[in-house]
Protein chains: 2
Amino acid sequence: MSPIRDIDRTSYEPAYVQLINILKGQIAAGTYLPGSRLPSESQLCKRYKVSPMTVRRSIKALLDQGVVTTIQGSGTFVKAPDMGEARFSLEEFHSLFKDKVNTKVKILGAMVTRADRRIGGKLNVTPGERTILIRRLLVRKSKPFIYHREHLVYEPGRPIVEAELEVTSLHGLFQGTGESSLKRGEFAIKAAVLSKEEADILESAEGQPAFHLEHVFYDFDERPFSWGHFICPGDRVLFRADVGMIKG
Amino acid sequence: MSPIRDIDRTSYEPAYVQLINILKGQIAAGTYLPGSRLPSESQLCKRYKVSPMTVRRSIKALLDQGVVTTIQGSGTFVKAPDMGEARFSLEEFHSLFKDKVNTKVKILGAMVTRADRRIGGKLNVTPGERTILIRRLLVRKSKPFIYHREHLVYEPGRPIVEAELEVTSLHGLFQGTGESSLKRGEFAIKAAVLSKEEADILESAEGQPAFHLEHVFYDFDERPFSWGHFICPGDRVLFRADVGMIKG
DNA sequence: AAGTGGTCTAGACCACTAT
DNA sequence: TAGTGGTCTAGACCACTTT
């Protein structure tokens, strides 16, 4: 079917990339079926006239892509697609925030509140302490799209909190400024239905399926400073993933 | 705070792993803030007395983990956490299928049907053609947990389809047998609410929030052969992800 | 004992960036 | 021009598996 290629030394494409594509092409074509062993690294060195490091680099890439498994002392084997390896990204969700022409952020309100047990637990403050609640609405082409509720610790001396108050573009939340002291975040996708309040704000209907994208942000002292949810009707966003060989 | 470590040559831990941890530790501790430049590769070579390849390997790992960005000719820079890089896995979902003691699969029904436009579009068969509908129930500790509806192309000569009919353990769906001709799969998470039928089967209530995990499987000829949904009440599963520095 | 992948060296040359 | 990351060589030694 497909002729056996060699490495083209005149190509702008690095040798290890060419080798990756050669091997992936053979696997995709069924030359090496799932479970079967690939030629050893030394064989590949001779066959394609490249150094061991270059072969290893290609194999490592296939390993990272989940295409093969390596067993020391035994060989490199083609892996069968494994549904457990699917990885869903927020790309589609994220792209909304990059589109600064059609997407605007409206502050619905910001107020000082008292932490209940739930908020206290998430932000590691004792219930009754002051916290800040910010409600934002992401508007796309003049239509409400995503509703964001965020609870912040009330600690005026903490610059990260003050910075957060000035976020009128949610872009800042998604893509760190490079100067913030935000260290890491945790996210969770939950299935939900819209409440009356949420439906009104989002111009949808109560009981409609929706995603709750929960987040907790931590500063460099490992202290949580923000907990909240992005609430999005289910028909407005989709989380996708692929497993196994992508494309041809 | 934390003393500057050297590479321990007597350790079982490879030098490049030690260097990864040293650099991550320094970034996590704030020694190198987001946006700032890491020491150059040649400086790291001298400082830690390792070869260029070893340093590059460590940097590459940080690159893959999204901790740093490299700019050729300029340097390696600490990256700020980016929400767009969150990756949600099916691990929790998947683990159900591995637990063969507590998890069983019940076939609710298998029947020959005629493809409507929707099924035809997904499986690339003309509407009116015969397809197979399989309905399965994943039972956990004697309680219904996930409902699976799968449409298969009707093509008796196609071994992948015949194999599919014999899947009484969904484990086979998740973790390829190594002999199947399943090449790749596409997944999508959709927000939904339980229909009356689904609620009855899952012993839940109509209108409850739920995930629809849609899948399409392709064989080695790039032909789709299976389309279906895993339907799971929202309170039974959670999709999680982290961004930025994990742990310490 | 032979073969396999895993780690590592000590360089080389190149493309690109900053000055 | 000097410094940076990107690619690559031609080996070495080790841990492990297979025979």
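So you know, we letter chains A, B, ... as the sequences are listed, proteins then strands, and number each from 1.
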Using OP1 and OP2 only, check whether a side-chain N or O of [X] sits under 4.0 Å from [N].
{"X": "A/Ser40", "N": "C/dG3", "value": "no"}
{"X": "A/Thr70", "N": "C/dG6", "value": "yes"}
{"X": "B/Ser51", "N": "C/dT9", "value": "yes"}
{"X": "A/Thr76", "N": "C/dT4", "value": "no"}
{"X": "A/Ser42", "N": "C/dG3", "value": "no"}
{"X": "B/Arg9", "N": "C/dT9", "value": "yes"}
{"X": "A/Arg56", "N": "C/dG5", "value": "no"}

Review point. Can the ring centres of B/Phe239 and B/Phe211 be said to be less than 6.0 Å apart?
Key: yes

Using a strict threshold of under 4.0 Å (side-chain N to carboxylate O), is an ion pair present between [Y] and [X]?
{"X": "A/Arg47", "Y": "A/Asp6", "value": "yes"}
{"X": "B/Glu186", "Y": "B/Lys122", "value": "no"}
{"X": "A/Glu91", "Y": "A/Arg240", "value": "no"}

Once you round it to whole Å, what is the distance between [atom2] of [N] and [atom1] of [X]?
{"X": "A/Ile71", "N": "C/dG5", "atom1": "CD1", "atom2": "P", "answer": "10 Å"}
{"X": "B/Ile7", "N": "C/dT7", "atom1": "CD1", "atom2": "C1'", "answer": "13 Å"}
{"X": "B/Tyr16", "N": "C/dT7", "atom1": "OH", "atom2": "C1'", "answer": "8 Å"}
{"X": "A/Tyr48", "N": "D/dT7", "atom1": "OH", "atom2": "P", "answer": "20 Å"}
{"X": "A/Met53", "N": "D/dG11", "atom1": "CE", "atom2": "C1'", "answer": "12 Å"}
{"X": "A/Glu41", "N": "D/dC16", "atom1": "CD", "atom2": "P", "answer": "17 Å"}
{"X": "B/Leu44", "N": "D/dG5", "atom1": "CG", "atom2": "C1'", "answer": "12 Å"}
{"X": "B/Leu19", "N": "C/dT7", "atom1": "CG", "atom2": "C1'", "answer": "14 Å"}

Exercise for review: For A/Ile59, answer base if it contacts any base atom (sugar-phosphate contacts may also be present), sugar-phosphate if it contacts only those atoms, and nothing otherwise; contact means non-hydrogen atoms under 4.0 Å.
Suggested key: nothing

Exercise for review: Looking only at side-chain atoms of B/Val50, point me to the closest of D/dG6, D/dT4, C/dT9.
Suggested key: C/dT9

Check your understanding: Residues in side chain to side chain donor-acceptor pair (under 3.5 Å) with B/Ser51, at least two apart?
Key -> B/Thr54

Revision key, fill the gap. Sorted by position of nearest nucleotide on DNA chain D, 5' first, the leading residue of A/Ser74 and A/Ala15 is A/Ala15

